[in-house]
2 protein chains.
Amino acid sequence: MIVHEGLDGFGVNKLARAAGVSPATLYIYFKDREDLIIQVTLRVTQTMLEESLRDFDPDMHFEEGLRKQWHNRASHFTRNPLDVEFIEKMRYSHLYNKVSVQVYASFKDVMGKFVRNAIERKELIELPFEVYWSVAFAPLYQLIKFHTQEKTFGHQPFKLTDESMELALQLVLKALKPA
Amino acid sequence: MIVHEGLDGFGVNKLARAAGVSPATLYIYFKDREDLIIQVTLRVTQTMLEESLRDFDPDMHFEEGLRKQWHNRASHFTRNPLDVEFIEKMRYSHLYNKVSVQVYASFKDVMGKFVRNAIERKELIELPFEVYWSVAFAPLYQLIKFHTQEKTFGHQPFKLTDESMELALQLVLKALKPA
DNA sequence: TTTAAAAATAAGCGATCGCTCATTTATCTT
DNA sequence: AAGATAAATGAGCGATCGCTTATTTTTAAA
(Lines give C-alpha, C1' and ligand atoms only; values in the text may rest on other atoms or scores of the structure.)
Protein backbone atom coordinates (compact mmCIF):
# COMPACT_ATOMS: atom_id res chain seq x y z
CA MET A 1 0.00 0.00 0.00
CA ILE A 2 2.75 2.44 0.93
CA VAL A 3 4.71 1.72 -2.24
CA HIS A 4 1.73 2.19 -4.52
CA GLU A 5 -0.16 4.98 -2.76
CA GLY A 6 2.55 6.60 -0.69
CA LEU A 7 2.67 7.35 3.00
CA ASP A 8 -0.27 9.60 2.47
CA GLY A 9 -2.88 7.28 1.11
CA PHE A 10 -1.81 4.76 3.69
CA GLY A 11 -4.41 4.59 6.46
CA VAL A 12 -4.98 2.33 9.42
CA ASN A 13 -8.61 1.70 8.54
CA LYS A 14 -7.75 0.94 4.93
CA LEU A 15 -5.04 -1.47 5.99
CA ALA A 16 -7.34 -3.28 8.41
CA ARG A 17 -10.02 -3.63 5.78
CA ALA A 18 -7.50 -4.95 3.24
CA ALA A 19 -6.12 -7.39 5.79
CA GLY A 20 -9.59 -8.56 6.78
CA VAL A 21 -9.26 -7.65 10.44
CA SER A 22 -10.65 -5.00 12.73
CA PRO A 23 -8.73 -1.73 13.11
CA ALA A 24 -8.64 -2.45 16.82
CA THR A 25 -6.69 -5.65 16.22
CA LEU A 26 -3.78 -3.68 14.81
CA TYR A 27 -3.49 -1.78 18.06
CA ILE A 28 -2.90 -5.01 19.96
CA TYR A 29 0.39 -5.42 18.10
CA PHE A 30 1.37 -1.84 17.36
CA LYS A 31 1.33 1.24 19.54
CA ASP A 32 0.06 3.52 16.78
CA ARG A 33 0.25 4.14 13.05
CA GLU A 34 3.83 5.43 13.18
CA ASP A 35 4.99 2.49 15.29
CA LEU A 36 3.47 0.10 12.77
CA ILE A 37 5.23 1.74 9.85
CA ILE A 38 8.54 1.85 11.69
CA GLN A 39 8.37 -1.78 12.78
CA VAL A 40 7.59 -2.95 9.26
CA THR A 41 10.42 -0.80 7.94
CA LEU A 42 12.80 -2.23 10.53
CA ARG A 43 11.91 -5.77 9.52
CA VAL A 44 12.25 -5.21 5.79
CA THR A 45 15.50 -3.29 6.21
CA GLN A 46 16.93 -5.85 8.62
CA THR A 47 16.21 -8.65 6.15
CA MET A 48 17.85 -6.70 3.35
CA LEU A 49 21.00 -6.09 5.40
CA GLU A 50 21.20 -9.72 6.49
CA GLU A 51 20.89 -10.81 2.87
CA SER A 52 23.59 -8.37 1.84
CA LEU A 53 25.97 -9.98 4.34
CA ARG A 54 25.23 -13.58 3.32
CA ASP A 55 28.50 -15.50 2.83
CA PHE A 56 30.34 -12.27 3.48
CA ASP A 57 33.29 -11.95 5.80
CA PRO A 58 35.01 -8.64 6.69
CA ASP A 59 38.35 -10.42 6.29
CA MET A 60 37.68 -11.14 2.63
CA HIS A 61 39.87 -9.60 -0.02
CA PHE A 62 38.44 -6.29 -1.07
CA GLU A 63 37.37 -7.10 -4.60
CA GLU A 64 35.85 -10.42 -3.57
CA GLY A 65 33.99 -8.82 -0.66
CA LEU A 66 32.64 -5.92 -2.65
CA ARG A 67 31.51 -8.17 -5.49
CA LYS A 68 29.79 -10.44 -2.98
CA GLN A 69 27.89 -7.50 -1.52
CA TRP A 70 26.87 -6.18 -4.90
CA HIS A 71 25.55 -9.55 -5.96
CA ASN A 72 23.78 -10.16 -2.66
CA ARG A 73 22.03 -6.81 -2.85
CA ALA A 74 21.15 -7.12 -6.51
CA SER A 75 19.77 -10.62 -6.16
CA HIS A 76 17.76 -9.77 -3.07
CA PHE A 77 16.27 -6.75 -4.77
CA THR A 78 15.46 -8.37 -8.06
CA ARG A 79 13.75 -11.17 -6.15
CA ASN A 80 11.89 -8.66 -3.93
CA PRO A 81 11.29 -5.60 -6.08
CA LEU A 82 8.62 -4.28 -3.73
CA ASP A 83 11.18 -4.20 -0.92
CA VAL A 84 13.44 -1.89 -2.92
CA GLU A 85 10.77 0.66 -3.46
CA PHE A 86 9.58 0.40 0.12
CA ILE A 87 13.03 0.80 1.64
CA GLU A 88 13.93 3.67 -0.68
CA LYS A 89 10.66 5.41 0.03
CA MET A 90 11.16 5.10 3.76
CA ARG A 91 14.81 6.06 3.44
CA TYR A 92 13.71 9.42 2.08
CA SER A 93 10.80 9.87 4.46
CA HIS A 94 10.69 12.01 7.56
CA LEU A 95 10.58 8.84 9.70
CA TYR A 96 13.97 7.65 8.53
CA ASN A 97 16.04 8.88 11.45
CA LYS A 98 13.86 6.83 13.80
CA VAL A 99 14.83 3.73 11.86
CA SER A 100 18.44 4.19 10.77
CA VAL A 101 20.10 4.18 14.16
CA GLN A 102 18.62 0.90 15.33
CA VAL A 103 19.27 -0.90 12.08
CA TYR A 104 22.75 0.09 11.06
CA ALA A 105 24.40 -0.33 14.47
CA SER A 106 25.83 -3.82 14.00
CA PHE A 107 26.05 -3.48 10.23
CA LYS A 108 28.33 -0.48 10.59
CA ASP A 109 30.87 -2.47 12.59
CA VAL A 110 31.20 -5.22 10.00
CA MET A 111 31.52 -2.75 7.13
CA GLY A 112 33.94 -0.59 9.06
CA LYS A 113 36.19 -3.56 9.71
CA PHE A 114 36.03 -4.62 6.06
CA VAL A 115 37.09 -1.18 4.89
CA ARG A 116 39.87 -0.85 7.45
CA ASN A 117 41.22 -4.26 6.51
CA ALA A 118 41.20 -3.40 2.83
CA ILE A 119 43.02 -0.13 3.41
CA GLU A 120 45.66 -1.84 5.56
CA ARG A 121 46.24 -4.45 2.87
CA LYS A 122 46.61 -1.68 0.26
CA GLU A 123 43.68 -3.13 -1.68
CA LEU A 124 41.69 0.07 -1.23
CA ILE A 125 42.84 3.67 -1.29
CA GLU A 126 42.62 5.65 1.92
CA LEU A 127 39.45 7.74 2.10
CA PRO A 128 36.65 8.83 4.46
CA PHE A 129 33.97 6.22 5.02
CA GLU A 130 31.22 8.36 3.52
CA VAL A 131 33.19 8.89 0.31
CA TYR A 132 33.88 5.17 0.15
CA TRP A 133 30.22 4.35 0.64
CA SER A 134 29.10 6.89 -1.94
CA VAL A 135 31.42 5.59 -4.64
CA ALA A 136 31.08 1.91 -3.76
CA PHE A 137 27.30 1.54 -3.40
CA ALA A 138 25.39 4.56 -4.65
CA PRO A 139 25.90 3.54 -8.30
CA LEU A 140 24.47 0.09 -7.57
CA TYR A 141 21.40 1.51 -5.89
CA GLN A 142 20.90 3.90 -8.79
CA LEU A 143 21.09 1.03 -11.27
CA ILE A 144 18.58 -0.93 -9.22
CA LYS A 145 16.31 2.11 -9.21
CA PHE A 146 16.58 2.42 -13.00
CA HIS A 147 15.75 -1.27 -13.20
CA THR A 148 12.71 -1.23 -10.93
CA GLN A 149 11.14 1.98 -12.18
CA GLU A 150 11.35 0.55 -15.70
CA LYS A 151 11.59 3.77 -17.68
CA THR A 152 13.55 6.91 -16.91
CA PHE A 153 15.90 8.15 -19.60
CA GLY A 154 14.16 7.84 -22.92
CA HIS A 155 14.50 4.85 -25.24
CA GLN A 156 13.75 1.34 -24.00
CA PRO A 157 13.49 0.39 -20.32
CA PHE A 158 16.75 -0.42 -18.57
CA LYS A 159 17.29 -3.99 -17.39
CA LEU A 160 19.92 -4.73 -14.77
CA THR A 161 21.68 -7.62 -16.47
CA ASP A 162 24.74 -9.45 -15.15
CA GLU A 163 26.73 -7.71 -17.86
CA SER A 164 25.77 -4.14 -16.99
CA MET A 165 26.24 -4.87 -13.29
CA GLU A 166 29.67 -6.35 -13.86
CA LEU A 167 30.58 -3.34 -15.99
CA ALA A 168 29.54 -0.91 -13.28
CA LEU A 169 31.33 -2.95 -10.62
CA GLN A 170 34.52 -2.92 -12.66
CA LEU A 171 34.32 0.86 -12.91
CA VAL A 172 33.81 1.20 -9.18
CA LEU A 173 36.71 -1.13 -8.48
CA LYS A 174 38.92 0.84 -10.84
CA ALA A 175 38.02 3.97 -8.91
CA LEU A 176 38.69 2.51 -5.48
CA LYS A 177 41.80 0.39 -6.00
CA PRO A 178 45.24 1.96 -5.50
CA ALA A 179 47.12 2.79 -8.69
CA MET B 1 5.94 21.23 5.46
CA ILE B 2 6.44 18.22 3.23
CA VAL B 3 10.12 17.93 4.11
CA HIS B 4 9.51 18.13 7.83
CA GLU B 5 6.24 16.26 8.19
CA GLY B 6 6.18 14.14 5.06
CA LEU B 7 3.54 13.83 2.36
CA ASP B 8 1.27 12.49 5.02
CA GLY B 9 1.12 15.31 7.52
CA PHE B 10 0.81 17.69 4.59
CA GLY B 11 -2.76 18.97 4.33
CA VAL B 12 -4.48 21.62 2.28
CA ASN B 13 -6.17 23.19 5.29
CA LYS B 14 -2.91 23.25 7.24
CA LEU B 15 -1.11 24.85 4.32
CA ALA B 16 -3.78 27.52 3.88
CA ARG B 17 -3.69 28.35 7.57
CA ALA B 18 0.11 28.56 7.54
CA ALA B 19 0.03 30.75 4.43
CA GLY B 20 -2.63 33.02 5.91
CA VAL B 21 -5.16 32.46 3.13
CA SER B 22 -8.44 30.65 2.75
CA PRO B 23 -8.37 27.02 1.60
CA ALA B 24 -10.64 28.10 -1.24
CA THR B 25 -7.96 30.45 -2.54
CA LEU B 26 -5.60 27.56 -3.21
CA TYR B 27 -8.16 26.01 -5.53
CA ILE B 28 -8.11 29.10 -7.73
CA TYR B 29 -4.52 28.33 -8.63
CA PHE B 30 -4.39 24.55 -8.29
CA LYS B 31 -6.80 21.88 -9.45
CA ASP B 32 -6.43 19.81 -6.32
CA ARG B 33 -3.95 18.72 -3.66
CA GLU B 34 -2.00 16.48 -6.02
CA ASP B 35 -1.78 19.15 -8.70
CA LEU B 36 -0.42 21.58 -6.14
CA ILE B 37 2.28 19.17 -5.01
CA ILE B 38 3.24 18.29 -8.57
CA GLN B 39 3.44 21.92 -9.70
CA VAL B 40 5.66 22.85 -6.76
CA THR B 41 7.83 19.82 -7.46
CA LEU B 42 8.10 20.77 -11.11
CA ARG B 43 9.23 24.27 -10.21
CA VAL B 44 11.83 23.20 -7.67
CA THR B 45 13.16 20.47 -9.94
CA GLN B 46 13.26 22.75 -12.96
CA THR B 47 15.27 25.33 -11.02
CA MET B 48 17.69 22.65 -9.86
CA LEU B 49 18.26 21.40 -13.40
CA GLU B 50 18.74 24.92 -14.75
CA GLU B 51 21.29 25.61 -12.04
CA SER B 52 23.10 22.38 -12.83
CA LEU B 53 23.52 23.49 -16.44
CA ARG B 54 24.77 27.01 -15.61
CA ASP B 55 27.88 27.79 -17.68
CA PHE B 56 27.71 24.26 -19.02
CA ASP B 57 28.06 23.36 -22.67
CA PRO B 58 27.65 19.85 -24.08
CA ASP B 59 30.71 20.49 -26.25
CA MET B 60 32.93 20.93 -23.22
CA HIS B 61 35.75 18.52 -22.57
CA PHE B 62 34.51 15.66 -20.46
CA GLU B 63 36.42 16.33 -17.26
CA GLU B 64 35.66 20.05 -17.38
CA GLY B 65 31.97 19.42 -18.05
CA LEU B 66 31.54 16.83 -15.35
CA ARG B 67 33.36 18.97 -12.78
CA LYS B 68 31.17 21.92 -13.73
CA GLN B 69 28.02 19.87 -13.17
CA TRP B 70 29.22 18.52 -9.85
CA HIS B 71 30.04 21.99 -8.60
CA ASN B 72 26.79 23.46 -9.89
CA ARG B 73 24.75 20.78 -8.17
CA ALA B 74 26.72 20.90 -4.95
CA SER B 75 26.59 24.67 -4.69
CA HIS B 76 22.90 24.84 -5.48
CA PHE B 77 22.11 22.21 -2.89
CA THR B 78 24.29 23.59 -0.12
CA ARG B 79 22.67 26.97 -0.70
CA ASN B 80 19.17 25.42 -0.77
CA PRO B 81 19.33 22.45 1.58
CA LEU B 82 15.54 22.27 1.82
CA ASP B 83 15.35 21.76 -1.95
CA VAL B 84 17.54 18.67 -1.75
CA GLU B 85 15.33 16.98 0.78
CA PHE B 86 12.21 18.00 -1.07
CA ILE B 87 13.40 16.78 -4.45
CA GLU B 88 14.72 13.52 -3.04
CA LYS B 89 11.53 12.93 -1.12
CA MET B 90 9.43 13.52 -4.22
CA ARG B 91 11.82 11.48 -6.33
CA TYR B 92 11.00 8.48 -4.20
CA SER B 93 7.30 9.18 -3.89
CA HIS B 94 4.51 7.56 -5.84
CA LEU B 95 3.92 10.84 -7.68
CA TYR B 96 7.36 10.83 -9.28
CA ASN B 97 6.41 9.39 -12.65
CA LYS B 98 3.96 12.26 -13.12
CA VAL B 99 6.86 14.68 -12.75
CA SER B 100 9.89 13.04 -14.32
CA VAL B 101 8.73 12.94 -17.92
CA GLN B 102 7.90 16.64 -18.15
CA VAL B 103 11.08 17.77 -16.46
CA TYR B 104 13.84 15.69 -17.96
CA ALA B 105 12.78 15.99 -21.58
CA SER B 106 15.09 18.84 -22.63
CA PHE B 107 17.67 18.00 -20.00
CA LYS B 108 18.10 14.52 -21.45
CA ASP B 109 19.04 15.90 -24.85
CA VAL B 110 21.83 18.10 -23.52
CA MET B 111 23.25 15.33 -21.35
CA GLY B 112 22.96 12.80 -24.14
CA LYS B 113 24.93 15.03 -26.49
CA PHE B 114 27.57 15.65 -23.83
CA VAL B 115 28.06 11.93 -23.28
CA ARG B 116 28.14 11.11 -27.00
CA ASN B 117 30.69 13.84 -27.61
CA ALA B 118 32.90 12.59 -24.82
CA ILE B 119 32.79 9.01 -26.08
CA GLU B 120 33.62 10.09 -29.62
CA ARG B 121 36.60 12.09 -28.35
CA LYS B 122 37.79 9.04 -26.37
CA GLU B 123 37.54 11.06 -23.15
CA LEU B 124 34.95 8.66 -21.78
CA ILE B 125 34.69 4.89 -22.07
CA GLU B 126 31.80 3.46 -24.03
CA LEU B 127 28.92 2.43 -21.78
CA PRO B 128 25.12 2.52 -21.50
CA PHE B 129 23.70 5.85 -20.42
CA GLU B 130 22.21 4.45 -17.20
CA VAL B 131 25.54 2.99 -16.14
CA TYR B 132 27.22 6.29 -16.92
CA TRP B 133 24.67 8.20 -14.91
CA SER B 134 24.88 5.83 -11.96
CA VAL B 135 28.66 6.06 -11.72
CA ALA B 136 28.91 9.76 -12.57
CA PHE B 137 26.24 11.26 -10.33
CA ALA B 138 24.88 8.81 -7.78
CA PRO B 139 27.99 9.20 -5.58
CA LEU B 140 27.55 12.98 -5.54
CA TYR B 141 23.91 12.74 -4.54
CA GLN B 142 24.81 10.27 -1.82
CA LEU B 143 27.47 12.64 -0.47
CA ILE B 144 24.97 15.49 -0.49
CA LYS B 145 22.52 13.28 1.38
CA PHE B 146 25.17 12.46 3.99
CA HIS B 147 25.83 16.17 4.26
CA THR B 148 22.24 17.30 4.67
CA GLN B 149 21.06 14.58 7.02
CA GLU B 150 24.00 15.45 9.26
CA LYS B 151 24.52 12.08 10.95
CA THR B 152 24.42 8.64 9.40
CA PHE B 153 27.44 6.42 9.96
CA GLY B 154 28.56 6.85 13.54
CA HIS B 155 31.28 9.28 14.62
CA GLN B 156 30.98 12.99 13.79
CA PRO B 157 28.60 14.43 11.17
CA PHE B 158 29.87 14.44 7.62
CA LYS B 159 30.51 17.80 5.96
CA LEU B 160 30.73 18.03 2.19
CA THR B 161 33.95 20.05 1.90
CA ASP B 162 35.68 21.04 -1.33
CA GLU B 163 38.33 18.46 -0.49
CA SER B 164 36.02 15.48 -0.06
CA MET B 165 34.08 16.48 -3.16
CA GLU B 166 37.22 16.80 -5.24
CA LEU B 167 38.37 13.43 -3.92
CA ALA B 168 35.12 11.74 -4.92
CA LEU B 169 35.15 13.47 -8.31
CA GLN B 170 38.69 12.25 -8.97
CA LEU B 171 37.60 8.69 -8.20
CA VAL B 172 34.65 8.97 -10.54
CA LEU B 173 36.83 10.41 -13.29
CA LYS B 174 39.33 7.60 -12.81
CA ALA B 175 36.48 5.14 -13.23
CA LEU B 176 35.07 6.73 -16.37
CA LYS B 177 38.15 7.76 -18.33
CA PRO B 178 39.64 5.30 -20.82
CA ALA B 179 42.80 3.52 -19.66
C1' DT C 1 -16.76 -29.28 31.62
C1' DT C 2 -15.84 -25.23 33.88
C1' DT C 3 -13.34 -21.07 34.16
C1' DA C 4 -9.97 -17.60 33.58
C1' DA C 5 -6.94 -15.28 30.40
C1' DA C 6 -5.95 -13.72 25.73
C1' DA C 7 -7.31 -12.28 21.24
C1' DA C 8 -10.32 -10.12 18.29
C1' DT C 9 -14.19 -7.50 17.25
C1' DA C 10 -18.08 -3.96 15.88
C1' DA C 11 -19.30 0.48 16.57
C1' DG C 12 -18.23 4.85 16.65
C1' DC C 13 -15.66 8.96 19.02
C1' DG C 14 -13.76 13.67 17.98
C1' DA C 15 -10.71 15.60 14.71
C1' DT C 16 -9.19 16.44 10.45
C1' DC C 17 -9.31 15.42 5.61
C1' DG C 18 -9.91 17.45 0.66
C1' DC C 19 -12.86 20.37 -1.32
C1' DT C 20 -17.09 23.56 -2.65
C1' DC C 21 -20.29 27.38 -2.72
C1' DA C 22 -22.65 31.63 -1.77
C1' DT C 23 -20.92 35.87 -0.79
C1' DT C 24 -17.82 39.74 -0.15
C1' DT C 25 -13.79 42.44 -1.42
C1' DA C 26 -10.50 44.21 -4.69
C1' DT C 27 -9.19 45.62 -9.36
C1' DC C 28 -9.87 47.48 -13.72
C1' DT C 29 -12.54 49.86 -17.61
C1' DT C 30 -15.24 53.41 -19.22
C1' DA D 1 -18.61 57.36 -10.17
C1' DA D 2 -20.69 53.30 -12.03
C1' DG D 3 -20.45 48.92 -13.59
C1' DA D 4 -18.11 44.66 -14.89
C1' DT D 5 -14.63 41.26 -13.94
C1' DA D 6 -11.47 38.89 -11.09
C1' DA D 7 -9.74 37.45 -6.66
C1' DA D 8 -10.42 36.01 -2.21
C1' DT D 9 -13.09 34.55 1.56
C1' DG D 10 -15.74 32.16 5.73
C1' DA D 11 -18.43 28.52 6.68
C1' DG D 12 -19.02 24.03 6.43
C1' DC D 13 -20.12 19.64 3.51
C1' DG D 14 -19.50 14.49 3.51
C1' DA D 15 -15.82 11.37 4.02
C1' DT D 16 -12.13 9.65 6.15
C1' DC D 17 -8.61 10.01 9.65
C1' DG D 18 -6.29 7.66 13.87
C1' DC D 19 -7.74 5.51 17.67
C1' DT D 20 -10.67 3.64 21.87
C1' DT D 21 -13.98 1.08 24.52
C1' DA D 22 -17.41 -2.28 25.85
C1' DT D 23 -18.28 -6.65 24.38
C1' DT D 24 -17.82 -11.15 22.32
C1' DT D 25 -15.11 -15.00 20.71
C1' DT D 26 -11.24 -17.99 21.02
C1' DT D 27 -7.72 -20.40 23.46
C1' DA D 28 -5.96 -23.05 27.04
C1' DA D 29 -5.42 -24.54 31.69
C1' DA D 30 -7.76 -27.05 35.69
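Letters A, B, ... mirror the listed sequences (proteins, then strands); counts begin at 1. Because only heavy atoms are used, hydrogens play no part in the values below, and waters and symmetry mates are left out as well, while side chains stay in.
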Any donor-acceptor pair under 3.5 Å between the side chain of A:Ser22 and the base of C:dA8? no

Whole angstrom value for the distance that separates C1' of D:dA8 from OH of B:Tyr29: 8 Å

In B/S/- notation, 5' to 3', how is nucleotides 12-19 of chain C contacted by protein heavy atoms closer than 4.0 Å? -----BBB

Could you check whether B:Arg91 makes a cation-pi contact with A:Tyr92, meaning its NZ or CZ is under 6.0 Å from the centre of the six-membered ring and within 45° of the ring axis? no

Checking B:Arg43 against B:Gln39: is there a side-chain donor and acceptor pair closer than 3.5 Å? no

A:Ile28 has an atom CD1; how far is it from atom P of D:dT25, in whole Å? 16 Å

Assess whether a salt bridge exists between B:Glu51 and B:Arg54, defined as any Lys/Arg side-chain N lying under 4.0 Å from an Asp/Glu carboxylate O. yes

Between A:Glu63 and A:Arg67 (salt bridge meaning N to carboxylate O under 4.0 Å), is one present in this structure? yes

Does the cation-pi check pass for B:Lys68 over B:Phe114, that is, NZ or CZ under 6.0 Å from the six-membered ring centre and within 45° of its axis? no

